[in-house]
Amino acid sequence: MRSLLFVPADSPKKLDKGMTSGADAVIVDLEDSIALDGKSQARLSAAAFLKEAAGVTSRPYLVVRVNSLQTGLTDTDLDAVVLAKPDAIMLPKAEGGAAVIHADAKLAVREARGDLPEGHVKIIALATETAAALFLAGTYRGASTRLSALTWGAEDLSADLGAETNRDAEGHFLDPYRLARALCLAGAAAAEVPALDTVYVDFRDSDGLRRECEEARRDGFTAKMAIHPAQVPIINEVFTPTREALAHARAIIDAFAASPGAGVVGIGGVMFDQPHLERAKRLLARAKAKVR
Ligand code: COA
Ligand code: MG
């Protein structure tokens with residue numbers, strides 16, 4: 001999975017557009033893009049869309065961002081959408097593995113009631129949206145087999161920290177958010193799930209988006225979330241492993257295969273050891289995996 005496009009759940013028109021946007025996943029949003037008064041209508045719209053979309057062949061992965069456990073709205077959200085069989089929910093303002101275990105139990109109850117196999121609905125945790133969450137980013141490992149990715153957010157975190165802004169004049173994230181980003185990466189790697197980069201809100205600035213995608217890929221993120229369809233092709237391009245990167249990975253694997261038992265090999269005057277081999281295998285696995 002390379003791109004995940006947020007779509008407000010109350011807009012059937014945008015939901016349809018999301019399906020044909022080229023995004024690997026559509027995130028139907030019941031949280032921040034929906035005002036409190038509009039939540040019930042948005043739940044109905046989300047469920048109707050999911051029922052229809054789930055049957056479409058070669059469709060994007062379908063995710064619903066529910067309201068956080070702190071709001072008391074999560075149960076009503078899940079009651080509305082689980083039976084429409086989303087592939088995953090996104091859990092905002094997650095505070096560590098305990099929040100995932102909590103959401104897991106809520107999903108299991110609905111799956112049992114709806115005659116869905118237990119564990120059908122996966123969980124993507126938004127792991128850095130509160131100050132407390134930062135201190136719990138290392139607790140996702142082993143929380144639930146439903147946990148399929150971690151991602152991070154800077155908007156709610158800046159509100160929780162009482163900050164005036166989260167980026168500097170050049171558009172680069174300031175220190176507290178760079179910490180959140182790094183904790184997401186480390187927390188995801190520790191939990192052995194992919195790390196997904198946060199949204200780039202300035203949706204007309206394609207150069208800025210591309211730069212942020214490249215920095216994310218460099219640092220170990222395997223995908224990025226989008227808020228506008230125009231962002232999807234850029235994200236897909238940057239996160240699709242290049243022919244050169246794949247050829248390089250294959251060369252490393254072949255070199256080790258040609259020297260059974262070797263811990264280290266040289267290729268073209270450069271040393272490669274176990275971490276390089278591991279990285280090469282992961283890149284090939286990602287390229288081979290189905291889009292989702
Ligand atoms: N998903 C699907 N379609 C979208 C879309 C999205 N996220 N964002 C825009 N579009 C559609 C628009 O409906 C419009 O369609 P049309 O040409 O058929 O009228 C087209 O893409 C161009 O949109 P544009 O005019 O450039 O933007 P806008 O002013 O209509 O919308 C936003 C701007 C920010 C309101 C919109 O991009 C959006 O809703 N983004 C998602 C917000 C969200 O989910 N936030 C929560 C996560 S942070
Ligand atoms: Mg938010």
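Whatever order the structure lists ligands and atoms in, that order sets their numbers, starting from 1. If you read the sequence from its start, that first residue is 1, and numbering goes on from there. Note that the structure is a prediction, hence the values are computed from the model and not measured. Atoms considered below: every heavy atom in the structure, side chains included; atoms not considered: hydrogens, waters and symmetry mates.
The heavy atom nearest to atom 14 (C) of ligand 1, considering only Arg65, Met225, Lys17, is found in Lys17. Comparing His228, Gln231, Lys14 against atom 35 (C) of ligand 1, the shortest heavy-atom distance belongs to Lys14.
Distance check on atom 39 (O) of ligand 1: some protein heavy atom falls below the 4.0 Å cut-off. Within the 4.0 angstrom cut-off, atom 30 (O) of ligand 1 has no protein heavy-atom neighbours.
Of all heavy-atom pairs spanning His120 and Glu111, the tightest one is N-OE2, 3.1 Å. Looking at every heavy atom in both residues, Leu157 comes nearest to Ala180 through CD2-CB, 3.7 Å. Between Ile267 and Ala255 the shortest heavy-atom distance is CD1-CB, 3.8 Å. Residues Ile124 and Ser148 come closest through the heavy atom pair CG1-OG, 3.7 Å. Contact record, Val232 with Ser21: CG1-O, 3.5 Å, taken as the closest heavy-atom pair.
Considering only non-hydrogen protein atoms, atom 5 (C) of ligand 1 sits nearest to Pro229 CD, 3.3 Å. Protein heavy atom in closest approach to atom 45 (N) of ligand 1: Ser33 CB, 3.8 Å. Distance from atom 44 (O) of ligand 1 to its nearest protein heavy atom, with residue and atom name: Phe6 CB, 3.4 Å. At the shortest separation from atom 42 (C) of ligand 1 among protein heavy atoms lies Pro8 CG, 4.1 Å. Nearest protein heavy-atom contact of atom 1 (N) of ligand 1 is Val7 CG2, 3.6 Å. Taking atom 41 (C) of ligand 1 as the reference point, the nearest protein heavy-atom neighbour is Ile227 O, 3.3 Å.
Note on ring orientation: taking the six-membered ring where Trp is involved, the planes of His248 and Phe272 are perpendicular (angle over 60°, cut-offs 30° and 60°).
Residue contacts with ligand 1 for Leu5 involve side-chain atoms from C-beta outward but no N, CA, C or O (heavy atoms, distance under 4.0 Å). Only the side chain of Lys13 comes within contact range of ligand 1, with a heavy atom under 4.0 Å; no backbone atom does.
With respect to Ser3, the side-chain contact (heavy atoms from CB on, under 4.5 Å) criterion is satisfied by exactly one of Ile235, Val238, Leu196: Ile235.
At a 3.5 angstrom cut-off on N or O pairs, Phe203 does not count as close to ligand 1.
Salt-bridge check for Glu278 with Arg282: passed, with a basic side-chain N closer than 4.0 Å to an acidic carboxylate O. For Asp75 and Lys106, the salt-bridge test passes: some basic side-chain N is under 4.0 Å from an acidic carboxylate O. Ion pair Arg211/Asp205 not flagged as a salt bridge, since none of the NZ, NE, NH1 or NH2 atoms sits closer than 4.0 Å to an Asp/Glu carboxylate oxygen.
Although no hydrogens or angles enter the test, the distance criterion places no donor-acceptor pair under 3.5 Å between the side chain of Tyr140 and the main chain of Gly97. At distances below 3.5 Å, at least one donor-acceptor pair connects side-chain atoms of Ser158 with backbone N or O atoms of Glu155.
Near Arg204, the atoms of ligand 1 lying under 4.0 angstrom from a non-hydrogen atom of the residue are 26 (O). Listed by atom number, the atoms of ligand 1 under 4.0 Å from Asp29 heavy atoms are 46 (C).
For the Mg ion (ligand 2), the neighbouring protein N/O/S atoms at less than 2.8 Å, given as residue and atom, are Asp32 OD2, Asp156 OD2.
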Salt bridge (Lys or Arg N to Asp or Glu O under 4.0 Å) evaluation trace for Asp219 with Arg181: CA-CA 10 Å; Asp219 290 346; Arg181 177 180 181 276; 2.9 Å; yes
